[in-house]
Structure formats: C-alpha cells, structure tokens
Amino acid sequence: MIEPKTLSGFRDILPSLALVKEDMLYEVKKVFRKFGFAPIETPHLEYTEILLGKGSDEIQKQLYRFKDNGNRDVTLRFDHTVPLARFVVQHKNELGLPFKRYAVGNVFRGESPQSGRYREFTQCDFDFIGTYSITADAEIVQVIFHSLKTLQINDFTIYLNNRKIMNGLAEKINASDKVGDILRTVDKINKIGSEQVQKLLISEVGLSQEATEEVMRFIVISQRETQGNFFEFIANYKNYNATMKEGIEELEFLYKILEKSGIDSRNYTIDFSIARGLGYYTGIVYETTLDKLPKIGAVASGGRFDNLTKSFSNDNLPGVGASIGIDRLIAALEQLEIIKSRNTPAKVLIANVDNNYIADSYVLANTLRDANIAVEVYPEVTKLNKQFAFADKKGHQYLVVFGENEATKGEFVLANLQTGDKTPAKSISDLY
RNA sequence: GAGAUUGUAGCUCAGUCGGUUAGAGCGCUGGUUUGUGGAUCCAGAGGUCGCGGGUUCGAGCCCCGUCUUCCUCCCCA
C-alpha cells in the first residue's frame, strides 16, 4: 500500500473551506469587474529566465525550478506580477493601453512552511498597467476598500506611503545606496519595536547616529497621530529635495481623490513607517491590516512599480497593482467568526424514504433548481434519522420528506434544520 | 538554508523506572425507533506507536539516520 500524504507546505482544501474560498473569490472578482478589470490567465510554468529577470537572490532560493522532459530550464511562478510583465510586453498591441487586469490563481514558493504560510497558495492580483497617473493608484485603493467591504469586513486600515518619500529621505542623509536595507529594517518596526530598528540601522545598515535619528524621526510620522492638517504638518519636508517633494505631492493628490471617492476615511491613512519589502516598488505603496487582528499580517498590499517591464522591453510600461491574500483573509474571518461552517453548497436535502416516489422527489428538486436553489436528493433509502443526521452534518438548511403519506395528502414535510420546525407544506414557495 | 520543536486511533491527547494483551475523550458505524436530526442510552470497529537502523533477554519509551509538524531567523500573502 502507498501511504497517502501531501508534500510539506502543500495541503488539501476540504469542502467546508473550499466553499468559503470560492464564495469569497466570486465576490472579490465581481468587484474587480465592476471597476473594469479583465481576467487573464498565464501559465503556471514559465522559462526560468523570464521569472528570474526581476528576482532577487532571496527569491531564487525559493523557486521550484527544474528541467522539463525537453531539458528546458523551467520554474513554477512565485507571483502573478512577473508573469504579468512578460504578458503585457508580449501582447501589448492586442491589449490596448492602459490595461487593467486581474489574475486569481495559485503561486509556488519553496520557503519553509509556517502557520498560514504555504508553498502553494492563492493570490488575487489586480493591476493597472500603462499609466503614470495617480488616479490609477487611487483606483487600486478603492478596489481594496470595496473588496474587503464586500466580504463583510469593516474594521481594516489601508496604510499608505510613497517610496519616493523614503528615497528622498535616503538622499537627504546621503544613504541612497542603502535605501533597500533601510526599508527592510524599517518594515520590521511593528514586529521588533523602534528601539531595535534604531539599533539595526546603526549596526546592520551602517548608518551614522545622526542619520539614524533622522530616519527614526521621520518614520514615526503618521496621519493618525497628527493633530490638525496632516499635509500642512509635513509641507516643510518638501524642501529636502525634488524626490521628497514629488513623493509628498503624489500622496496629496491621491488623498484628494480618495476623499471624494466615497470610501470611508477611517479605512485609510498615511503612515511613513510602511515600507513594503519588495524591491520592485517605485512609488505609492499600500498595506492593509485588520484592526482586530493586526498580528495576522497584511491581507492586501501592493504599490506602484514603474520599471516593471524594463527587463523585457526597451519602451518601459509603468504599473500599479495590489494583491489580496485570500488565504489569510479566510483565516481572519474564521477567527472573527464571520464564517459559518457548512460542508455542502446545497440548501435543501430531499430525504429518500420510498423509491416508489423518488421520481416525484426529482421533479421537486428540479423545480427548486430552476428557482436557483441548490438541492440534492439522498441517494438511497435509509432510516430517516440517518438522513436527518446527514443533513445536520453537511449543513443543509432544510430537509424535505416526500413519500407515500405526503403523496396521498398532496403535500410534503418541510423541516427547518436550524429552528427545528417541521411543517406540512403544499408549495415549494414555502422554501423561499 | 540555519537553529529550536513535534510525531501514539479519523481528531485532541495520556502512556510511570525500558517489562507481558497500548488507553481516554470526541468523532465514526450499528442498535435503542423497519418514516422524523441536534448533548439519551447500549454496543462495535479502528493503531507495524512517522519510517529505517542500532542497543537490550525485552523498546511507544534509550541511541543514530531520515521524513514530518510547528516556531524563530530570513522572506513574504
């Protein structure tokens, strides 16, 4: 016998979770479409050189890379963004720019698995390609907002920052070459605290005491902690240099749009400590956390990457996009007890008590299906208590009994499994 | 990749100093009720103690290897 097992970091998803996940993806995709994002699909497997174009050393170590049967060097995709870069360059002329797309699918990373971190997981990406306009950034923020709202999540914060501000800061302290290290260190502030960040900036990044203090002074700036008009408060920093000025003005413009876009001002705020580790971001970045579960990490994040297609084409295409971490959201919703558990998509189970009337059961079932109600018929005649228990376990909301007694009376028994009510019903409309 | 940690029934876990036939709760199956569920009661099934090797008269327990779990670093969703 072969022992049934899955690879480390890979998992099966059972109906109770898969139903929730599919429902959530459906809702989120509806939001994407409402904003005009079109679905695309790209292969799970790509030539390694395509994926490595943008990859750092860290990412290389995490690749699922191998030789295929034709001895080609191939790699499983580790995100949707790099394949997107190849895709838009290859199909630019057919797409029409600017181009808005979403992609939902699994990606693979060979890192060591931990709770909530798998080697195969689902990413929901949506990106706006081919425009430098900050209105595109604003649209991405709105999509994040409406995606979470449609999933019944209300207590979340989209933190906003701009890479250009961080670059401008690095310029100011003459550490432009270290901006990546600074970002990665600053990014840990919520995890290890500001004192540790300060220590690391000196010992690991190699900043001077003075430069470190400047960085620390800067990254604690957040709109929520600021009294009065935030943009007036930070206006002075525009004098640092052109990069800083541009970064702040972009945020100002973004803010102006968001204020009038109808999204709740409690759900977004500017915070200079938001760094985003990923190297390819060049402008405004976002990171969304759940107010009640900050520890679960970012559930939706992204930003602007204006050099996306540089390695595939001479005429560069800018882009801005974000990704919703659907697996993490599911974990969050479970903890917040927003998810109600069930193991079947069917709302109604028609019990089978007598094979002589099974045909009538199917007529009833199909009538319900025509009314868009998911229904299944129990396949064999067994004791009714077994069929009740089955419906209970699976999570059907109603059980219908239709047999000889009902046929002669011209009605059927309708049991509401949640309330316990069992009533004779004459019409299927009682189920609506 | 480095360090720490875990592995016994479908699940959660006991298992004494190395000692004879490895336990519990939940779940599962059947009955109690040959057409009426959820926390009744009764019974039952289910384990090469992760895998391989070693020490020993004897290993779930000790040693080595390996896989796996989980955590930290790293990186990220």
Side-chain angles (χ1 to χ4, degrees), chain A residues 1 3-11 14 55-63 78-81 104-125 144 180-181 183-185 187-188 191-192 196 200 204 275-281 286-290 296-302 321-332 349 351-357 378 381-408 412-424:
Chain A
M1 271 212 295
E3 187 191 346
K5 59 181 176 184
T6 52
L7 287 162
S8 173
F10 293 79
R11 60 175 176 162
L14 274 63
S56 62
D57 293 348
E58 287 299 333
I59 283 179
Q60 284 203 36
K61 279 193 285 183
Q62 300 184 355
L63 294 181
F78 58 88
D79 73 3
H80 289 302
T81 309
V104 174
N106 288 3
V107 298
F108 302 82
R109 292 182 196 175
E111 65 177 342
S112 67
Q114 282 174 40
S115 72
R117 293 169 64 165
Y118 300 93
R119 288 179 170 171
E120 178 183 13
F121 60 96
T122 307
Q123 278 199 326
C124 305
D125 264 43
I144 293 175
D181 291 335
L183 285 170
R184 243 171 288 124
T185 309
D187 203 30
K188 295 175 189 164
K191 216 168 172 183
I192 62 174
Q196 283 299 318
L200 286 176
E204 299 296 318
R276 306 294 309 137
L278 245 58
Y280 52 64
Y281 291 122
Y286 336 96
E287 186 162 301
T288 309
T289 54
L290 303 177
I296 208 160
V299 294
S301 46
S323 181
I324 293 178
I326 204 78
D327 294 307
R328 272 189 189 172
L329 270 181
I330 291 171
L349 177 72
N352 190 347
V353 290
D354 187 340
N355 271 335
N356 289 321
Y357 296 95
Y378 200 81
V381 178
T382 61
K383 289 184 183 178
L384 252 190
N385 64 355
K386 273 191 71 171
Q387 300 189 47
F388 266 94
F390 174 81
D392 246 350
K393 185 178 175 181
K394 291 282 175 146
H396 297 90
Q397 290 169 49
Y398 295 97
L399 183 142
V400 167
V401 183
F402 187 83
E404 190 177 0
N405 301 348
E406 289 74 20
T408 51
F412 54 84
V413 172
L414 174 63
N416 183 325
L417 294 169
Q418 277 144 21
T419 63
D421 295 341
K422 286 169 193 150
T423 50

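Letters go in sequence order (proteins before strands), and every chain restarts at 1.
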Q: Any base atoms under 4.0 Å from A/V413, or only sugar-phosphate, or nothing? Heavy atoms, all strands.
A: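 Result for A/V413 = base.
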Q: Over how many whole Å does the gap from A/K393 atom NZ to B/A39 atom P extend?
A: 13 Å
Q: Under 3.5 Å, is there an N or O donor on one side and an acceptor on the other linking the side chain of A/K422 and the base of B/G37?
A: yes
Q: Taking B/G37 as the reference, what is the distance to B/G47 when you measure between their C1' atoms (whole Å, please)?
A: 32 Å
Q: Where do A/Q123 and A/V104 land on the side chain to side chain contact (heavy atoms under 4.5 Å, CB included) test, with the steps shown first?
A: CA-CA 6 Å; A/Q123 278 199 326; A/V104 174; over 6 Å; no
Q: Within the structure shown, what part of the strands sits under 4.0 Å from A/N405 by heavy-atom distance: base, sugar-phosphate, or nothing?
A: base
Q: Pick the nucleotide of RNA chain B nearest each of A/T419 and A/T382; which residue has the one closer to the 5' end?
A: A/T382
Q: Paired with B/C11 by Watson-Crick or G-U wobble geometry, both distances under 3.5 Å: which nucleotide is it?
A: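 Because both required distances fall under 3.5 Å, B/C11 counts as paired with B/G25.
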Q: Taking only side-chain N and O atoms of A/K383, does any of them lie within less than 4.0 angstrom of OP1 or OP2 on B/G37?
A: no
Q: Could you state the CG-P distance from A/L399 to B/G38, rounded to the nearest angstrom?
A: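 Roughly 13 Å, once rounded to whole Å.
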Q: Rounded to the Å, how far apart are A/D327 CG and B/A77 P?
A: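 About 13 Å, once rounded to whole Å.
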Q: Centroid-to-centroid, A/Y118 to A/F10, below 6.0 Å?
A: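 Ring centres of A/F10 and A/Y118 not closer than 6.0 Å.
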Q: Can you confirm whether the side chains of A/D421 and A/T423 place a donor and an acceptor under 3.5 Å from each other?
A: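 The criterion, which ignores hydrogens and geometry beyond distance, is not satisfied for A/T423 and A/D421.
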Q: Between B/G38, B/A77, B/U68, which nucleotide gets closest to the side-chain atoms of A/S8?
A: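 Nearest to the side-chain atoms of A/S8, counting from C-beta on, is B/U68.
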Q: In whole angstroms, how far is the P atom of B/G31 from the CG atom of A/N385?
A: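 Distance check: A/N385 CG to B/G31 P gives 8 Å.
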Q: When you compare B/G10 with B/U29, how far apart are their C1' atoms, in angstrom units rounded to a whole number?
A: 13 Å
Q: Between B/G50 and B/A45, how far apart are the two P atoms, rounded to whole Å?
A: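 My reading of the P atoms in B/G50 and B/A45 gives 24 Å.
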Q: Taking atom P in both B/C26 and B/C41, compute the distance separating them and give it to the nearest angstrom.
A: 10 Å
Q: Once you apply a heavy-atom cut-off of 4.0 Å, does A/E404 come out as touching a base, just sugar-phosphate, or nothing?
A: base
Q: Can you tell me the pairing partner of B/C70 across any strand shown, Watson-Crick or G-U wobble, with both distances under 3.5 angstrom?
A: none
Q: Could you give the CG-to-P distance, from A/L200 to B/C75, as a whole number of Å?
A: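 Interatomic distance, CG of A/L200 to P of B/C75: 11 Å.
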Q: Could you tell me whether a side-chain N or O of A/R109 sits under 3.5 Å from a main-chain N or O of A/L63, the two making a donor and an acceptor?
A: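 No: the side chain of A/R109 does not pair with the backbone of A/L63.
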Q: To the nearest Å, give me how far apart CG (A/N416) and P (B/G37) are.
A: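 So the two atoms are 15 Å apart, to the nearest Å.
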Q: Grab the CZ-P distance between A/F108 and B/A77 for me, whole Å please.
A: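 In whole Å, B/A77 P and A/F108 CZ are 17 Å from each other.
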Q: Does any donor-acceptor pair link the side chain of A/E406 with the base of B/G35 at a separation under 3.5 Å?
A: yes
Q: Only pairs with both distances under 3.5 Å count, Watson-Crick or wobble alike; so what is the partner of B/G65 in this structure?
A: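 Paired with B/C51.
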Q: Atom CZ of A/F390 to atom P of B/U29: distance rounded to whole Å?
A: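 Going from CZ in A/F390 over to P in B/U29 covers 11 Å.
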Q: Is there, by distance only and without an angle test, a donor paired with an acceptor across the side chain of A/R328 and the base of B/C76 below 3.5 Å?
A: yes
Q: Keeping A/S301 on the side-chain end and A/A298 on the backbone end, is there a donor-acceptor pair under 3.5 Å?
A: no
Q: Flag this pair as yes if the NZ/CZ of A/K422 is under 6.0 angstrom from the six-membered ring centre of A/F388 and inside a 45 degree cone about the axis; otherwise no.
A: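 Geometry flag: set, cation within 6.0 Å and 45°.
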Q: Tell me which of A/F10 and A/R119 sits closer to the 5' end of RNA chain B, going by the nucleotide each one is nearest to.
A: A/F10
